[in-house]
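Have a look at the structure below before the remarks.
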Amino acid sequence: MSKEASSAGTPANNTFTLTDNRSGKAYTLPVLKGTLGPDVVDVRKFYGETDCFTFDPGFTSTGSCESKITFIDGDQGVLLHRGYSIDELAEHSDFMEVCYLLLNGELPNRAEKYEFEHIITHHSMVHEQLTFFYRGFRRDAHPMSILCGVTGAMAAFYGDSLDITDPHQRLIASHRLIAKMPTIAAMAYKYSVGQPFVYPRNDLKYAENFLAMTFAVPSEPYHVNPVVAKAMDRLFILHADHEQNASTSTVRLAGSSGANPYACIAAGIASLWGPAHGGANEAALNMLREIGTPDKIPHYIARAKDKNDPFRLMGFGHRVYKNYDPRATVMQKTVREVFDALKVTDPLFDTALELEHIALNDPYFVDKKLCPNVDFYSGIILSAIGFPTTMFTVLFALARTVGWVAQWNEMISDPNQKIGRPRQLYTGPTERDYVEMGKR
Ligand code: ACO
């Protein structure tokens with residue numbers, strides 16, 4: 001086994017042989033074993049030895065990195081952070097503890113937890129000058145555009161944490177991003193509704209503080225409902241990390257060039273915004289509103305199955321989960337808790353339950369293994385709490401920041417890290433002569 005091959009995973013005492021039918025030559029590739037998941041064929045030397053690239057748009061069969069942070073078994077519906085199941089973390093842990101776990105690899109003891117929370121709490125204010133950025137946006141700007149712009153702009157304010165080769169600066173940048181994201185997100189909301197920004201409060205926990213910065217107004221006291229704060233915290237846990245998804249891979253790819261952490265996280269936010277990824281929570285609630293009542297469901301199911309109709313059931317299906325997304329189970333339970341605490345109901349929840357029931361019994365969805373994902377129920381919770389749909393993806397970004405930061409740190413600390421640079425199957429014109437303007 002070569003040095004490079006043994007540097008990732010564990011050699012699986014096994015190899016993979018490919019035969020090139022053009023030349024009849026056989027190539028033996030090393031096989032690597034992770035602690036969980038399928039074996040991985042190491043193709044790093046493939047091009048050098050065979051003069052061929054592998055072709056895998058969408059990376060459906062390609063591992064882009066080695067990671068110790070999160071594991072997903074999509075067939076079994078399992079999600080582990082540093083080995084701990086998402087169900088146990090959602091049930092027993094809190095978001096600050098999960099942040100510590102993702103960043104450091106182990107659950108904190110009492111003193112470590114206290115210190116971490118203290119650090120995050122005391123980094124939650126943003127540079128006052130940064131608040132003036134908001135005025136440059138239109139009041140009706142989508143808050144994701146504000147979040148993306150302001151996060152990228154952080155590099156202009158926190159110049160003492162841009163040196164990615166210095167572990168201490170990386171740590172400070174990580175803390176700042178996790179601590180300030182709720183403040184930046186809440187300010188995006190406040191700006192859109194024309195209310196004054198609310199400063200963070202150090203006597204409140206992370207989720208409580210975010211709710212206060214979002215919903216408090218200076219003219220009256222704001223009481224954080226503990227059930228809502230708990231639901232918010234759980235929602236953050238459920239979105240904290242999800243291995244090499246589109247936005248995380250974007251963060252890693254941007255960071256692989258040595259870009260500063262604020263720019264990388266802004267890139268992640270941009271990628272998350274798309275409706276096939278984090279934007280699905282907004283799209284899912286809009287879809288439920290469009291469907292309205294359960295009697296309209298068959299029409300939309302038919303549309304989702306129609307190959308000639310671009311409509312998809314938003315909040316349904318996942319690249320990795322081919323079983324129920326374990327996060328959706330927790331979300332569904334949380335909807336009921338929030339409804340009970342706020343003494344509200346939402347007929348859209350009944351529509352969602354009915355839609356899930358019909359889809360999970362329809363051969364199209366069963367055969368394609370399409371189940372509700374984390375976004376199917378999250379919008380109902382957020383809407384009940386009082387967030388407009390445009391804030392849904394912002395909340396996802398806020399929670400995912402720790403995952404992005406943990407994955408970015410892991411990449412930078414990896415001695416085998418290289419700039420990400422995929423190859424291509426070129427199908428454009430072959431070389432040809434330039435044609436003068438008058439002859440075209
Ligand atoms: N509704 C209807 N049909 C669907 C859906 C859906 N939601 N999702 C997938 N399919 C069908 C596709 O049409 C395709 O059918 P075909 O094989 O006959 O062509 C098949 O299932 C496989 O779909 P792909 O798009 O190839 O699967 P991929 O893994 O690339 O996409 C994705 C996964 C993007 C999540 C997709 O399921 C989707 O668009 N879902 C809706 C958006 C959504 O909820 N995204 C959130 C994902 S979770 C997250 O990011 C937090």
Side-chain angles (χ1 to χ4, degrees), residues 56-62 70 72 74-75 77-79 81 86 90 144 234-251 268-291 297-332 352 355-382 389 392-404 407:
D56 186 16
F59 306 111
T60 50
S61 297
T62 299
T70 293
I72 303 172
D75 293 326
V78 169
L79 167 60
H81 291 321
I86 194 65
M144 277 299 275
R234 193 181 285 155
L235 197 128
F236 291 162
I237 293 176
L238 296 178
H239 287 91
D241 191 47
H242 214 228
E243 56 121 304
Q244 309 312 318
N245 53 80
S247 58
T248 302
S249 301
T250 302
V251 170
I269 293 170
S271 168
L272 187 79
W273 196 355
H277 191 11
N281 55 13
E282 184 178 341
L285 197 79
N286 288 337
M287 176 195 75
L288 288 173
R289 283 188 180 136
E290 190 184 319
I291 295 174
I297 291 173
H299 169 68
Y300 286 89
I301 293 272
R303 282 190 62 191
K305 288 158 56 173
D306 182 354
K307 279 231 158 294
N308 299 316
D309 188 330
F311 176 80
R312 282 187 171 197
L313 283 191
M314 299 314 284
F316 250 79
H318 198 276
R319 169 61 64 76
V320 183
Y321 292 119
K322 301 303 167 200
N323 199 327
Y324 211 95
D325 180 341
R327 302 168 300 172
T329 317
V330 185
M331 282 292 180
Q332 202 196 82
L355 179 60
E356 174 187 326
H357 177 73
I358 293 177
L360 292 184
N361 288 291
D362 186 302
Y364 173 93
F365 293 91
V366 175
D367 294 349
K368 294 187 190 302
K369 299 182 177 170
L370 298 169
C371 298
N373 59 50
V374 67
D375 290 326
F376 192 61
Y377 289 107
S378 64
I380 294 173
I381 300 172
L382 295 174
T389 42
F392 292 1
T393 315
V394 170
L395 295 172
F396 192 158
L398 187 173
R400 183 56 58 84
T401 297
V402 64
W404 291 330
Q407 300 268 354

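In each ligand, atom 1 is the first atom listed, and ligand 1 is the first ligand listed. Owing to the predicted nature of the structure, the values given are computational and were not obtained by experimental measurement.
- The shortest heavy-atom contact between Y364 and K305 is CG-CG, 3.4 Å.
- A centroid separation of less than 6.0 Å is found between the aromatic rings of Y321 and H242.
- Residues V330 and A90 share a closest heavy-atom pair of CG1-CB, 3.9 Å.
- Considering all non-hydrogen atoms of both residues, M287 and L355 come closest at CE-CD2, 3.8 Å.
- Listed as neighbours of ligand 1 are P275, A276, H277, A280, A304, K307, R312, L313, M314, G315, F316, G317, H318, R319, Y364, K368, L370, N373, V374, D375, F396, each bearing a heavy atom under 4.0 Å from the ligand.
- Formation of a donor-acceptor pair under 3.5 Å by the N281 side chain with backbone atoms of S378 is not found in this model.
- Scanning both residues, T389 and E282, for their nearest heavy atoms gives O-CG, 3.4 Å.
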